[in-house]
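All remarks here apply to the structure that follows.
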Protein chains: 2
Amino acid sequence: MPRGFGHGGPWWHTRFRGAGFRITVPRQAILEVLSKTQKHLSAEDVYMAVHRICPTVGLTTVYRTLELLVDMGLVFKFDFGDGRARYELALGPKGERHHHHLVCTNCGRVIDYTEFIDDEIELLQQTEKGLSKKYNFDITHHLIQFYGLCDKCKGR
Amino acid sequence: MPRGFGHGGPWWHTRFRGAGFRITVPRQAILEVLSKTQKHLSAEDVYMAVHRICPTVGLTTVYRTLELLVDMGLVFKFDFGDGRARYELALGPKGERHHHHLVCTNCGRVIDYTEFIDDEIELLQQTEKGLSKKYNFDITHHLIQFYGLCDKCKGR
DNA sequence: CTCCTTATTGAAAATGGTTTCCATTATCAA
DNA sequence: TTGATAATGGAAACCATTTTCAATAAGGAG
């Protein structure tokens, strides 16, 4: 466990208090769900998982909280093209398990890969620097995804 | 070659005939609209532009045709995070004006950039090769986007 | 610990982009 | 020209997400 419920509570409590947000049961449940999976959960997925911990939490609150977490930078939001957004805990820009995605356009399967991340990151940072300067943009994040057919789907 | 309605018709006629699809008025209008802009049009945008050429074409047909064109690889479909898909003519993988996007998360403005494409493409091809092998994927395309605040929005 | 302000919540309704249905129309091979 | 059937368009259905609003609860003040 990310330890320390004693005084400040879990790591994210500070972030919330600092931003003037309240620490509520639904928010704790949602963050607990997110921190216990490696999967790319949809809002509905989160809702169902949270429901097991705290059945009174509504889907609306899940959407609202996810949006809040995305705005705070604690959670990433992805679109894999199946019409519903996916969420995963951020865990630091180049922190543990920073990864990109490989999406099967046939079955929708998503593979996280970390193999070539280092080179990618390096190039991206160069590019970001160039783009920032040229277009006077403050670049906050990027998205890289590869699409294709997974081994199970390529045979048809 | 963008000429010659005489016998084969425009360049894409061959693709259509070869795939067994019919060449219809709505499809011609939609392709005409797409080929005459550099912008990232939504389905509604395309619908309105097509409406000027051929007022009887319905929104349903626009959606269906765009999907068909995406499936055929003639058109790219993007998601810039504003809840509606955007479309643009493909014009070849590394063909003329191949570009990536820079999206302002505040006002939604999208800038196409081509500056660092060459290095990016090179890295991507390496990565694609590695990923294909390791995960046994047939990679068909990729997506790179940078997000941040544009010069007009960064001041707030 | 209690009170009070107000951020947060949840149910239901609204939204809005996209898809489906289905009867009608139009393409194009024969 | 004709016939099989792909394609079309309007209306209705879909469905993820957002909005509305009255009820609830977090947490600082006293």
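Letters go in sequence order (proteins before strands), and every chain restarts at 1. Only a predicted model underlies this, so the values are computations on that prediction, with no experimental measurement involved.
- Heavy atoms of A:S42 sit nowhere under 4.0 angstrom from any nucleic acid atom.
- Non-hydrogen atoms lying under 4.0 Å from DNA chain D are contributed by B:T60, B:T61, B:R64, all within residues 59-71 of chain B.
- Note on B:K77 versus B:D71: no salt bridge recorded, every NZ/NE/NH1/NH2 to OD/OE distance being 4.0 Å or above.
- Side-chain polar atoms of A:N136 and B:K154 form a donor-acceptor pair below 3.5 angstrom.
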**OP:** Starting at the 5' end of nucleotides 2-7 of chain C, put B wherever the base has a protein heavy atom under 4.0 Å, S where only the sugar-phosphate does, and a dash everywhere else.
**Re:** ----BB
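- If you measure from atom CZ of A:R86 to atom P of D:dA16, you get 10 Å, rounded to the nearest angstrom.
- Aromatic rings from B:H101 and B:F80 are positioned such that their centres are separated by under 6.0 Å.
- When rounded to the nearest whole Å, the span between NE2 of B:H13 and C1' of C:dT27 equals 13 Å.
- The interatomic distance linking A:Y47 (OH) with C:dA11 (P) rounds to 7 Å, in whole Å.
- As a whole-Å value, the separation of B:H51 NE2 from D:dG9 P is 10 Å.
- In this entry the distance linking CD of B:Q28 with C1' of D:dA6 reads 16 Å, nearest Å.
- Rounded to 10°, the angle separating the first-five-pair axis and the last-five-pair axis of the helix from C:dC1-D:dG30 to C:dA30-D:dT1 equals 40°.
- Going from atom CG of B:D79 over to atom C1' of D:dT17 covers 14 Å, rounded to whole Å.
- At a cut-off of 3.5 Å, with distance as the only test, no side-chain donor of B:H142 or A:Q145 sits close to an acceptor on the other residue.
- In this entry the distance linking CZ of A:R84 with P of D:dC15 reads 10 Å, nearest Å.
- What separates NZ of A:K77 from C1' of D:dT18 is a distance of 11 Å, to the nearest Å.
- The pair A:R109-A:D151 meets the salt-bridge criterion, since a charged nitrogen lies less than 4.0 angstrom from a carboxylate oxygen.
- The side chain of B:T24 approaches D:dT8 more closely than any other nucleotide in the set D:dT8, C:dC28, D:dG27.
- Residue B:Y113 holds its OH atom at 7.5 Å from CG of B:L102, rounded to the nearest 0.5 Å.
- Under a hydrophobic-cluster definition in which Ile, Leu, Val, Met, Phe, Trp and Tyr are linked whenever side-chain heavy atoms come within less than 4.5 Å, directly or via other members, B:F21 and B:Y87 are assigned to the same cluster.
- The one candidate from B:L69, B:V75, B:V25 that meets the side-chain contact (heavy atoms from CB on, under 4.5 Å) condition with B:I30 is B:L69.
- Rounding to the nearest 0.5 Å places OG1 of B:T127 at 5.0 Å from CZ of A:F146.
- With hydrogens and angles left out, the side-chain atoms of A:Y135 and B:E115 include a donor and acceptor closer than 3.5 Å.
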Original post:
Would B:H100 and B:D112 count as a side-chain hydrogen bond (donor to acceptor under 3.5 Å, both in side chains) if you check the C-alpha gap in whole Å, the side-chain angles of each, and the deciding distance to 0.1 Å?
Top reply: CA-CA 6 Å; B:H100 289 157; B:D112 295 356; over 6 Å; no
